[in-house]
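The figures that follow rest on heavy atoms only: side chains count, while hydrogens, waters and symmetry mates do not. Order of the sequence lines fixes the chain letters, A, B, ..., with proteins taken first and strands second; residue numbering starts at 1 for each chain.
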Amino acid sequence: MFKKVLIANRGEIAVRVMRACREMGIKTVAVYSDVDRDALHVRFADEAYCIGPPPARESYLIGEKIVEVAKKSGAEAIHPGYGFLSERGHFVDLCEQEGVVFIGPRGDVMRTMGDKVTARQTMDKAGVPIVPGTTDRLTDDAIARWVRDTGPPVMIKAAAGGGGKGMRLVRNETELTSAIARARSEAKSSFGDDSLYVEKFVEEPRHIEIQILADAHGNAVHLFERECSIQRRHQKVIEEAPGNRISPELRAKMGEAAVAAAKAVNYVGAGTCEFLVDKHDHFYFLEMNTRVQVEHAITEMITGIDIVKAMIRVAAGEKLPFSQDELAIHGHSIEARIYAEDPDNNFVPSPGEILVYRPAAGPGIRVDSGVYQGAKVTVFYDPMVAKLVVWGRDRAEAIERLGRALSEFVVKGIKTSIPFHQKLVHHPKFLEGRYDTGFIEQHMAGGKGGPTPTSAEDSAEARRVAFMMAAVAAYKRDKQRAAEASVVASGGADPWKSYGRRAQMRGGWR
Amino acid sequence: MFKKVLIANRGEIAVRVMRACREMGIKTVAVYSDVDRDALHVRFADEAYCIGPPPARESYLIGEKIVEVAKKSGAEAIHPGYGFLSERGHFVDLCEQEGVVFIGPRGDVMRTMGDKVTARQTMDKAGVPIVPGTTDRLTDDAIARWVRDTGPPVMIKAAAGGGGKGMRLVRNETELTSAIARARSEAKSSFGDDSLYVEKFVEEPRHIEIQILADAHGNAVHLFERECSIQRRHQKVIEEAPGNRISPELRAKMGEAAVAAAKAVNYVGAGTCEFLVDKHDHFYFLEMNTRVQVEHAITEMITGIDIVKAMIRVAAGEKLPFSQDELAIHGHSIEARIYAEDPDNNFVPSPGEILVYRPAAGPGIRVDSGVYQGAKVTVFYDPMVAKLVVWGRDRAEAIERLGRALSEFVVKGIKTSIPFHQKLVHHPKFLEGRYDTGFIEQHMAGGKGGPTPTSAEDSAEARRVAFMMAAVAAYKRDKQRAAEASVVASGGADPWKSYGRRAQMRGGWR
Amino acid sequence: MNYEVTEKKGDTKTVGLVEISEGQFEITIDGRTVHVDAAKSGKTIYSILEDGKQFEVIIDDNGGHGFDVLVGGQLFHLEARDERARLLASTAKVVVSGPQRVEAEMPGKVVKIVSPVGTAVAEGQGVIILEAMKMENEIKSPFEGTITDLGVSEGQTVESGALLFVVTPPEKPEGA
Amino acid sequence: MNYEVTEKKGDTKTVGLVEISEGQFEITIDGRTVHVDAAKSGKTIYSILEDGKQFEVIIDDNGGHGFDVLVGGQLFHLEARDERARLLASTAKVVVSGPQRVEAEMPGKVVKIVSPVGTAVAEGQGVIILEAMKMENEIKSPFEGTITDLGVSEGQTVESGALLFVVTPPEKPEGA
C-alpha cells in the first residue's frame with residue numbers, strides 16, 4: 001500500500017479523500033492556490049504546498065506543477081477527485097511518465113470514454129445498448145439524411161461534447177440546418193473540434209447511473225444504481241440510491257451492462273455508467289464518468305462500501321476485497337447538494353465569509369463538507385460547499401430525515417440552496433418518486449416555484465415572527481450605529497471611507 | 001400518533017428525541033432551567049418553557065411542574081430521555097393520573113426492576129440466569145452464613161442500589177463484618193433503605209447488554225448486544241456493537257433471555273438487560289434499564305432501526321413494525337463519549353464556554369451532541385457534551401474511523417476526554433478486542449497511562465511544533481498585552497481587578 | 001418605537017417595539033401586544049420565545065433597510081424603517097459632500113466601464129460591470145454626481161477593497 | 001526574541017523567534033532555523049506550515065506562562081517565558097500592594113473555609129474549598145499575605161465573579 005498520497009483537488013472531495021487515507025494510515029499531501037491557504041483541505045493534510053494563483057488554470061489545472069509536488073514530497077500516488085484534472089488523459093500519461101501512480105483508469109481509457117463517438121462505438125461493440133443514432137462523425141448532409149430517415153425529435157451532439165455544450169434538440173425538420181450550424185460552431189469554440197453525430201431524442205428520460213469498481217486482476221462489480229433525474233440546467237441537485245421504480249430485473253440488466261462496459265476497456269478503478277431510461281424501461285448508455293462522482297456517498301450509504309478506499313486499493317494493485325454476491329442494498333439514501341447560491345435571486349453565486357456554520361447531524365445523517373465556520377467561499381471555484389447525505393430504512397424515512405436535516409442546517413453569511421431543497425422535498429411529485437429530468441423546469445418553475453415547506457398556519461406564524469424580528473434587527477442596528485457614531489465623533493474612524501462602503505452595499509451588488 | 005410530545009430532559013438526548021419527533025411530524029415541547037435558556041435543546045423545540053432554577057432537583061426533577069407544562073402546552077406524551085425522571089416509577093404514576101402518556105414502561109414495572117432483590121426474584125422465576133446468590137433481603141447473620149457456605153469472593157449489595165453505591169467486594173472472610181456494616185450505612189444514607197443481599201463475585205466480568213423493544217400487543221424483539229466493558233469508575237467510556245468474542249449461539253441465548261425478561265413483566269417500550277459474562281461464556285442477569293440508553297445509537301447503526309421512533313410508536317399503541325427475523329447485524333459500530341473533563345488532570349470536570357466546536361464528520365460518522373460553538377457547559381449537569389458514533393463494515397474499519405474522527409474532532413475552550421480516547425483506540429488490548437471491565441484500571445493506569453497515539457517520529461515532531469507554538473502564543477499575547485497596556489494607561493480598565501483574576505487563574509483552579 | 005416593515009411585493013405592517021431589558025421586548029403587531037424573549041446565544045442565531053413558542057431566526061442585514069429573515073425554513077425579504085432611521089438617512093445625505101470612493105466588495109474582473117471619467121450619473125446608475133463567480137454584476141453610483149476618477153481599466157482583475165471609481169456629488173447652494 | 005519553553009516535568013528548550021510579517025515567523029529551535037507560516041483562520045485554530053509539513057494546532061492559554069498545546073492529537077503542557085515577560089512579571093510584583101480580591105471563576109458551593117480571616121498565608125496556600133460539577137477545588141492565595149476579608153461562608157452557593165476572599169500582602173520596606 002502507498003505510504004503517501006497527493007490529493008490534486010480542493011473542497012469537500014479533497015477532504016473526503018484525505019479521510020479515507022487517514023483511516024488507511026496513508027499520509028496526505030494537499031496542494032492549494034494562494035486563496036486557499038485557509039481552506040479546510042489544507043488543514044486536513046499532513047503536508048501542503050502552494051501551486052499558484054487563484055484561477056484554476058494557473059494552479060489546480062497545471063499537471064506539471066502537481067506532479068512536481070508529488071515527486072518532491074515523496075507521494076507515490078495522486079488522487080484527482082472530480083473536476084480539475086480528473087478526466088484528462090494527458091495528465092494520466094504524465095503521471096505514468098514521471099513514475100507516479102494515478103488513482104484512476106489509464107489515459108487511453110479516459111480518451112476512449114471522453115470522446116462520445118468513440119465511446120458509443122466501443123459500447124455498441126461490447127453489447128451495451130446505446131441511444132439509437134450514429135456511431136460516426138457525420139457531414140451536414142449525412143445528418144440531414146439520417147434525420148429524414150428516422151424522423152424527429154433528434155439530438156445533434158458534439159463528438160467531443162460535455163456539459164450540455166454543442167448539443168441541439170431538433171423537434172422539427174425545418175430547424176435542422178440552423179441547429180447543425182449552431183452545434184458545430186459551439187463545438188468548435190468549446191472543444192476545438194466541430195465533429196457532430198446524431199441520436200434519437202429520448203422522451204421523458206430518467207437519468208439512472210450505475211457505480212462500478214474494477215481491479216487490475218480482471219474483477220469488476222457494480223454497486224447498483226443512483227437516480228440523478230432532479231437536475232437544474234443539467235446540474236444535478238438531488239440524487240437517490242436506489243432509484244425509483246427500478247425492478248430487480250432492470251437493475252440486474254443495467255448492472256451487467258455497466259460491468260460489460262468496464263470490462264470492454266479493461267477499466268481499473270471507480271467509474272460510473274450513465275444511462276437514460278425511457279418510460280418503457282428501455283435503457284441507453286449515455287456516457288461513462290471515469291472518476292469518483294460527487295454523489296458516490298449515497299452508494300456508500302446503501303452498500304457499506306467505502307468507494308474511495310476501494311479506488312486506492314485497486315490503484316495499489318490489490319484485488320477487490322468483495323465479490324458481486326457479497327453486495328446488497330441496505331435501506332435508501334438521498335443526497336442534497338448545498339451550493340453557495342441564492343435560490344431567491346435566480347441562483348446567482350453567493351461568495352463571502354461563512355459567519356455561522358451548523359451542519360445537520362444525528363441519526364442517519366452524513367455531511368461531507370469543504371468549509372467551516374469562519375471559512376471564506378471565494379469566486380474562483382465550484383460553489384458547492386457541502387453535501388448533505390441521509391440514510392433511512394426506506395425511502396419514506398430517508399425523505400423525513402432529509403427534511404429534518406435541512407431544517408437544522410444553518411449557514412449564515414452566504415446564501416445557500418437549502419431553502420430550495422426544502423421546497424423540493426415537500427413536493428408531492430418528489431414524494432411519489434415519479435419524476436424525470438424535466439421535474440424542476442415543469443413542476444417548480446425552474447426553481448422559482450414549488451410548495452411551501454410548512455403548513456399554512458405555521459407559515460403565517462413564521463411570517464409574523466419574521467416581521468417582528470426585522471423590526472428588532474433594525475432597532476438593534478440603529479442602537480449600535482448610534483453608539484458607533486459617538487465613537488466616530490470623538491475621532492478615529494474615517495467616515496469618508498465607511499460611507500463609501502455602505503453606499504456600495506446599497507448599490508448594485510445584489 | 002401523538003401531535004405533540006414534551007421532552008423532559010436536556011443535552012444530547014433531548015435533541016436526539018426531538019429529531020425523531022420532527023421526522024415523525026410531531027411537535028416538540030422543551031423544558032429548561034434558568035441556566036439553559038441558550039441550550040441547544042431549547043433551539044430545537046417548537047415550544048419551550050422555563051421550569052425553575054439550575055439545580056436539577058429544583059427543575060428537571062420536579063415531575064409536577066413538567067406534567068403541568070405538558071397539560072398547558074397540549075402535549076399528549078412525555079419522553080423522559082435517560083437520567084432525571086426516566087426511571088422514577090412515581091413520575092410514571094403521576095403521568096397516568098394526569099392523563100399524559102409516559103413514553104416508557106409502567107410505573108410498577110420500573111419499581112420491580114428498580115429494586116434489585118425484586119428484580120432478581122422476578123428474573124429467576126422467568127428462567128433468566130442471575131448471578132448466583134440470594135434473592136432475599138438478609139440479616140447480617142444470614143449473609144455471613146451464605147458466605148461461609150459458598151466461600152469468597154462475594155459482592156455484598158444494597159437491594160435499592162445503583163451507581164456503585166452500597167456495594168462491597170469481600171475477598172476474604174475476615175473482611176466480612178466491616179463490609180456488611182459499611183454497605184448498610186452507605187445504602188441507608190444513599191437510598192434510605194439498608195436492605196442487603198449477596199452474590200458470588202464474577203471474575204474478569206464483561207459487561208454485555210441486550211437491547212429490547214416491546215409493544216403493548218405482546219410482541220417483543222431484541223436488537224442484539226452491546227459490549228460496554230470499557231469503564232472508568234463504573235462509568236461507561238466506550239461501547240461496541242456487536243460485542244467481541246460473542247458466538248452466534250451465545251448471542252441467541254442472551255437475546256432470548258432478554259426477551260423472556262421483558263415478557264415476564266409485560267414490558268412496553270425500549271429497555272436494556274445488562275448481563276455479566278464470565279470467562280467461560282456464562283452469562284448472568286445484572287439489572288434492567290427501563291429507558292433509552294446513552295449507547296442506543298450503536299445498536300441503531302448496526303440494525304438500521306430508529307429506537308427512539310420505535311419507543312414513541314409503541315407508546316402510542318402501535319405494533320412493532322418489524323419482527324425478530326427481519327433484524328440482522330450489519331457491520332460494526334463504536335461509541336466514544338466525549339466528556340467535558342480534563343483527562344490529564346484526574347478527569348476533573350471542565351466547565352466553560354465552547355469557543356470552537358468542529359465535530360468529526362464524513363463517512364461512517366454520527367455525532368449526537370447537545371452543544372454548539374458558543375454554548376456554555378455549566379457545572380449543574382452531566383458533563384457529557386457529545387457522543388461520537390462510528391460505523392464500519394467490520395470492527396477494524398470502525399476502529400480506523402474512530403481514530404480518524406477523534407483526530408479531526410475539535411473542542412476549544414473546555415477540556416474534553418478526546419485525548420484519552422485517542423490513547424484508548426491505539427491500545428493493543430483494545431485493538432484485539434480482548435478486554436474486561438478492569439481494562440482501564442489494569443492497562444491504562446486508570447486513565448493516566450496508555451499508548452501514544454502516534455509513531456515515535458511523529459510524536460517527536462509534534463513536540464517540537466508544540467514548543468515552537470508555545471513561544472509563538474506567548475509572543476502574540478505579549479504583543480497584545482503591550483497594545484492593551486497602552487489603552488489602559490490612557491484610562492479605562494481596572495488593573496486591580498484584572499490582576500486578581502489573573503492571579504487566581506494561576507492558582508488552584510486547574 | 002414604531003417600525004414600518006414591508007415585504008418585497010407584499011404586506012406592510014406597523015410593528016411597535018419596546019425593549020424592556022436586554023433581549024426582552026414588548027412587540028405590538030396585528031393589533032396585539034406580545035412579549036418576546038430574543039436570545040442571541042453564542043453571538044450567532046436568535047432563539048425567539050413568544051408565549052412558549054420557540055423559533056430559530058437567522059437574520060442577514062443587507063445594508064440599507066433590507067433584512068433577509070429565515071424562520072422555520074422560510075425566507076422573508078423585508079425592509080424595516082423607523083422614524084429616526086428616516087431622519088438619520090436625510091441627515092446623512094447632507095453630510096455627503098466632496099468626492100466619494102466606491103471599492104470592490106469581492107475580487108473579480110472588470111468586464112466593461114459603462115460610465116467613463118466625466119460622465120454625469122444619477123443615483124443607482126451603472127458605472128462598472130464586474131465579473132465575479134462567473135456572474136456579471138453592475139456596480140452603481142451610490143448617488144447623483146460626476147465620475148471624477150476610475151481606479152480600474154477594462155479587462156483588469158481587482159482584489160476585494162480595490163478602488164473602483166470616485167464619484168463627486170454636484171455642489172449644492174449653501175443652506176439647501 | 002528568545003523564549004524559554006519548558007514542558008511540565010520535561011525538557012526546556014530555547015526558542016528564538018522573529019516575526020517577519022503577520023503570521024510568518026523565523027524560528028530557531030534545536031539549533032536549526034526554520035520558516036513557519038502560522039495561519040489562524042476563522043480566528044480559531046492554527047494551521048502551521050513548516051517546509052510543507054502541515055499541523056493543526058490548538059492552544060489554550062492558561063494564564064501566567066502556561067499553554068496547553070494540542071498537536072496531532074497529543075497534548076503538551078508547556079510554559080513559555082521571555083526576557084521581557086520576566087521583566088514585566090517582576091514589575092508587576094512591585095505594583096501589587098494593598099489588599100487583592102480573589103473572585104470565583106465558576107459557580108459553586110463553598111464546602112469549607114480553610115483559612116479564616118486573620119490567617120497568614122504563603123503563596124499557593126489553600127483558602128477556600130469550593131465544590132463545582134461534583135468536584136472539590138481548592139482556591140489558593142495568589143501570593144504571601146494575610147486574609148483580611150471573606151466574601152463567603154461555608155455552605156453558601158456563589159455565582160461566577162463573586163468575591164471569595166481578600167488577601168493583603170505584607171508591607172515591604174521601601175526600596176526593597
Best-contacting candidate, R393(A), M301(A), R404(A), against chain B by heavy atom pairs under 4.5 angstrom: R404(A)
Side chain, backbone, both or neither of T303(B) within contact of chain A (heavy atoms, under 4.5 Å): backbone
Top contributor to chain B contacts, counting heavy-atom pairs under 4.5 Å, from R401(A), R366(A), E23(A), R22(A): E23(A)
Over all atoms of both residues, closest heavy-atom pair of Y372(B) and L40(B): CD2-CD1, 3.6 Å
R358(A), part contacting chain B, at a heavy-atom distance under 4.5 Å: side chain
Rounded distance [0.5 Å steps], CZ in R16(B) versus CZ in F44(B): 12.0 Å
Best-contacting candidate, V389(A), V308(A), I305(A), D46(A), against chain B by heavy atom pairs under 4.5 angstrom: I305(A)
Geometric cation-pi criterion R395(A) and F430(A), 6.0 Å radius, 45° cone: yes
I307(B) portion near chain A, given a 4.5 angstrom heavy-atom threshold: neither
Spacing of R313(B) atom CZ and M24(B) atom CE [to the nearest 0.5 Å]: 4.0 Å
Proximity breakdown for A361(A) and chain B, heavy-atom pairs closer than 4.5 Å: both
Residue selection (most heavy-atom pairs with chain A, distance under 4.5 Å) from E397(B), E300(B), H330(B), K387(B): H330(B)
Salt-bridge criterion met for E408(B) and R19(A) (N-O under 4.0 Å): yes
Under 4.5 Å from a heavy atom of chain A, the part of S407(B) involved: both
Under 4.5 Å from a heavy atom of chain B, the part of K309(A) involved: side chain
Ionic contact status for D458(A) with K27(B), cut-off 4.0 Å: yes
Side chain S333(A), main chain V390(A), donor-acceptor under 3.5 Å: yes
